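Encoded as structure tokens, the structure appears first; notes follow it.
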Amino acid sequence: MQAGVSTACLYPQLLEEALYDLALNGIGHVELFVNSDSELKRPFVENMADIMERFGVTCRAVHPFTAPMEPIMLFSKYERRVGDMIEYSKRTFEAMQRLGAEIFVLHGSSINNPVPVDFYCERFSRLAEEGKKYGVIVAQENVVRCQSGSLKFLREMTLRLGGDVHFVLDTKQAVRAGESPSEMLRALGNHVVHVHISDHSDKGDCQLLGSGQFRIRGFLEDLHTFSPQSSVILELYRANFRGISDLVSNYRMLSWMISRVEKQAAEAE
């Protein structure tokens with residue numbers, strides 16, 4: 001497992017500036033949140049790759065800005081929209097190849113635009129199959145405002161797609177949906193390939209690690225059992241921390257906790 005930080009934490013700071021600031025402060029692993037079409041153009045992608053290479057930073061996942069378009073494009077009954085959305089997603093896949101990223105984060109259809117689960121899985125599969133051609137794993141994130149917000153729906157996806165479905169587990173989104181992040185992890189098992197982590201309590205569902213009541217160590221132990229190659233990415237909203245030093249401190253804490261979990265697992269073998 002590998003700890004990291006999402007550039008989304010520093011939004012609305014420009015993507016390249018957020019990446020540079022994280023790298024400059026010793027964050028060695030990131031998720032990139034692409035916020036605009038121009039950030040997929042080759043010169044921009046090359047600039048980000050140069051920053052990463054200069055500081056020795058790696059990237060596992062890319063979160064595309066097209067998430068709000070997914071309900072009316074990818075999960076549309078209008079076939080031309082679906083084709084156009086898949087075609088456009090290839091630009092992100094190409095950027096991911098250059099950046100060394102393999103997880104494409106998908107939100108999916110919204111609860112205001114629900115579609116039958118079989119229809120949903122067919123659309124998901126078409127995008128996922130295209131992603132494979134680029135070495136990319138399309139992974140469904142649990143998002144409270146989307147059909148994917150409920151564990152029941154994600155279980156339906158696993159029943160239909162089996163080993164061809166992968167998930168990004170977002171702990172704050174699980175809490176918002178009234179789900180337990182740990183129960184969701186145990187239910188989805190090795191289908192979980194990536195995590196967005198934050199703490200939570202009765203004061204809020206998106207807090208710095210260690211400031212809430214989330215049993216982080218137990219969660220990481222379960223994650224190591226089911227999906228030991230996952231990245232665990234700190235994802236906070238800008239109002240939930242004071243400055244980049246908070247992110248650095250949490251990143252180091254998370255890295256230490258992961259190392260302890262891995263050492264414990266190795267000793268038990």
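Bear in mind that the values here come from a model prediction, so they are computed numbers and not experimental data.
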Please lay out, stage by stage, how Tyr78 and Asp84 fare under the test side chain to side chain donor-acceptor pair (under 3.5 Å). CA-CA 10 Å; Tyr78 194 76; Asp84 285 351; over 6 Å; no

Phe33 and Cys9: CA distance, side-chain angles, deciding distance, side-chain contact (heavy atoms from CB on, under 4.5 Å) verdict: CA-CA 9 Å; Phe33 197 115; Cys9 295; over 6 Å; no

Please test Glu102 against Arg60 for side-chain contact (heavy atoms from CB on, under 4.5 Å), starting from the C-alpha separation and ending with a verdict. CA-CA 6 Å; Glu102 61 177 340; Arg60 181 94 196 280; 2.6 Å; yes

Trace of the salt bridge (Lys or Arg N to Asp or Glu O under 4.0 Å) decision for Lys132 with Glu129: CA-CA 5 Å; Lys132 288 179 183 178; Glu129 286 301 312; 2.9 Å; yes

Take Met1 and Val261 through the side-chain contact (heavy atoms from CB on, under 4.5 Å) test and state the conclusion after the steps. CA-CA 10 Å; Met1 297 189 295; Val261 167; 4.2 Å; yes

Between Val138 and His166, does a side-chain contact (heavy atoms from CB on, under 4.5 Å) hold up when you go through it step by step? CA-CA 7 Å; Val138 174; His166 302 89; over 6 Å; no

Decide salt bridge (Lys or Arg N to Asp or Glu O under 4.0 Å) for Arg176 and Asp205; before the verdict, give the C-alpha distance in whole Å, the side-chain angles of both, and the deciding distance to 0.1 Å. CA-CA 7 Å; Arg176 289 181 180 183; Asp205 54 29; 2.9 Å; yes

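Side chain of Glu31 to backbone of Thr7: no donor-acceptor contact under 3.5 angstrom is found. In this structure, the side chain of Asn250 engages the main chain of Leu209 through a donor-acceptor pair within 3.5 Å. Distance alone, capped at 3.5 Å, is enough to place a donor-acceptor pair between the Ser259 side chain and the Trp256 backbone. Side chain of Glu70 to backbone of Gly108: a donor-acceptor contact under 3.5 angstrom is found. Although no hydrogens or angles enter the test, the distance criterion places a donor-acceptor pair under 3.5 Å between the side chain of Ser201 and the main chain of Lys203. Gln2 contributes no side-chain N or O that, together with a main-chain N or O of Ser230, makes up a donor-acceptor pair within less than 3.5 Å. Remark: the backbone N or O of Asn113 is paired with a side-chain donor or acceptor of Ser110 at under 3.5 angstrom. Checking side-chain atoms of Ser211 against main-chain N and O of Gln207 turns up no donor-acceptor pair under 3.5 Å. Under a 3.5 Å cut-off, the side chain of Ser249 and the backbone N or O of Ser245 do not form any donor-acceptor pair. Proximity of a side-chain donor or acceptor of Ser227 to a complementary backbone N or O of Val192 within less than 3.5 Å is detected.
In terms of heavy atoms, Glu130 sits closest to Ile86 at CG-CG2, 3.9 Å. Leu223 and Leu185 get closest at one heavy-atom pair: N-CD2, 3.6 Å. Scanning both residues, Met52 and Leu99, for their nearest heavy atoms gives CE-O, 3.5 Å. Residues Pro181 and Leu169 approach most closely at O-CD1, 3.8 Å, considering heavy atoms. Scanning all heavy atoms of the two residues, the minimum distance from Ala139 to Val193 falls at CB-CG2, 4.1 Å.
Connection of Phe124 to Leu74 is established within a shared hydrophobic cluster, with ILVMFWY side chains joined at heavy-atom distances below 4.5 Å, either directly or through further cluster members. Linking Ile, Leu, Val, Met, Phe, Trp and Tyr whenever their side-chain heavy atoms come within less than 4.5 Å puts Leu161 and Val136 in one cluster. When the side chains of ILVMFWY residues are joined at heavy-atom separations under 4.5 Å, either directly or via intervening members, Tyr134 and Ile137 end up in two distinct hydrophobic clusters. Ile233 and Ile197 are members of different hydrophobic clusters when ILVMFWY side chains are connected at heavy-atom separations under 4.5 Å. Under the 4.5 Å side-chain heavy-atom criterion for Ile, Leu, Val, Met, Phe, Trp and Tyr, Val165 and Ile103 are members of distinct hydrophobic clusters.
Screening Glu262, Gln264, Arg260 for a side-chain contact (heavy atoms from CB on, under 4.5 Å) with Glu221, the sole residue that qualifies is Gln264. With His107 as reference, Glu141 is the one residue of Glu141, Gln140, Gln173 to meet the side chain to side chain donor-acceptor pair (under 3.5 Å) rule.
Residue Arg238 qualifies as enclosed at atom CZ: its count of foreign heavy atoms under 6.0 Å is above 12.
In this view, Glu53 and Arg98 satisfy the side-chain hydrogen bond (donor to acceptor under 3.5 Å, both in side chains) rule, not counting sequence neighbours. Not a single side-chain hydrogen bond (donor to acceptor under 3.5 Å, both in side chains) links Asp202 to another residue, sequence neighbours left out.
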Going by atom type alone, with no hydrogens or angles, which donor-acceptor pairs under 3.5 Å involve a side-chain atom of residues 38-45 and a protein atom two or more places apart or on another chain?
from	atom 1	to	atom 2	distance (Å)
Glu39	OE1	Asn35	N	2.7
Glu39	OE1	Ser36	N	3.4

List, one per line, each side-chain donor-acceptor pair under 3.5 Å for residues 10-21, sequence neighbours excluded.
from	atom 1	to	atom 2	distance (Å)
Gln13	NE2	Asp21	OD2	2.8

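In this structure, CD1 in Ile72 is found 5.5 Å from CZ in Arg81, a value given to the nearest 0.5 Å. The distance from the CZ atom of Phe241 to the CG atom of Leu236 is 6.5 Å, given to the nearest 0.5 Å. With rounding to the nearest 0.5 Å, the separation of CG in Asp170 from NE2 in His194 is 9.5 Å.
For Lys90 and Glu87, the salt-bridge test passes: some basic side-chain N is under 4.0 Å from an acidic carboxylate O. A salt bridge is absent between Glu183 and Arg186; no separation between the charged side-chain nitrogens and carboxylate oxygens falls under 4.0 Å. Arg160 has a carboxylate O that lies under 4.0 Å from a charged side-chain N of Glu156, or vice versa, which qualifies the two as a salt bridge. At a threshold of 4.0 Å, the pair Glu79-Arg126 counts as salt-bridged, since one of the basic side-chain nitrogens sits closer than that to a carboxylate oxygen.
Legend: salt bridge (Lys or Arg N to Asp or Glu O under 4.0 Å) pairs involving residues 188-199, not counting sequence neighbours: none detected.
Geometrically, Arg215 does not engage Phe219 in a cation-pi contact defined by less than 6.0 Å to the ring centre and at most 45° from the axis.
In this structure, Val175 shares a hydrophobic cluster with no other residue, the cluster being traced through Ile, Leu, Val, Met, Phe, Trp and Tyr side chains under 4.5 angstrom apart.
Taking the six-membered ring for Trp and thresholds of 30 and 60 degrees, Phe153 and Tyr120 have ring planes more than 60 degrees apart, a perpendicular arrangement.
The closest side-chain donor-acceptor pair between Thr58 and His29 falls under 3.5 angstrom.
At a threshold of 4.5 Å between non-hydrogen side-chain atoms, the residues Thr92 and Val34 do not count as touching.
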